[in-house]
Amino acid sequence: MGRDHTIVMEQGYSMKKPSEIIVELMVEGQEVIGVKVGGKVLNLLEKEMEI
């Protein structure tokens with residue numbers, strides 16, 4: 001049976017621009033069988049570009 005491990009990294013709080021990076025590892029025995037990465041951010045700027 002596998003186990004999940006979640007790591008949350010926080011940054012930017014002292015600058016009042018908080019964000020979190022969330023990493024979830026799916027582990028079976030000693031082997032990592034999957035990784036999910038996501039997060040939460042404060043949208044400070046939005047731009048559109050045509051290329």
Side-chain angles (χ1 to χ4, degrees):
M1 185 165 152
R3 295 183 59 192
D4 292 350
H5 300 275
T6 301
I7 302 165
V8 179
M9 294 166 271
E10 298 178 329
Q11 63 179 18
Y13 286 88
S14 64
M15 300 178 350
K16 296 186 177 32
K17 298 176 182 174
S19 67
E20 293 181 352
I21 300 168
I22 302 166
V23 178
E24 185 176 342
L25 301 175
M26 286 70 72
V27 179
E28 271 188 20
Q30 297 290 319
E31 186 175 342
V32 175
I33 59 169
V35 177
K36 292 181 184 178
V37 179
K40 300 175 187 175
V41 299
L42 176 63
N43 186 11
L44 300 173
L45 182 65
E46 187 172 315
K47 285 188 176 184
E48 284 189 32
M49 301 172 73
E50 279 191 47
I51 53 173

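Nothing here was measured: the structure is a model prediction, and the numbers come from that model.
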- request: Any chance you could measure I7, atom CD1, to E24, atom CD, to the nearest 0.5 Å?
  value: 10.5 Å
Inter-residue atom distance Q11.CD - E20.CD, 0.5 Å rounding: 10.0 Å
My understanding is that only residues two or more places apart in sequence, or in another chain, count here; which of them pass side chain to side chain contact (heavy atoms under 4.5 Å, CB included) with [X]?
X: V35; value: V23, L25, V32, V37
X: S14; value: none
X: V41; value: S19

- request: List, by chain and number, the other hydrophobic cluster members for I22, where Ile, Leu, Val, Met, Phe, Trp and Tyr join if side-chain heavy atoms come within less than 4.5 Å, directly or indirectly.
  value: V8
Members besides I33 in its Ile/Leu/Val/Met/Phe/Trp/Tyr cluster (side-chain heavy atoms under 4.5 Å): M26
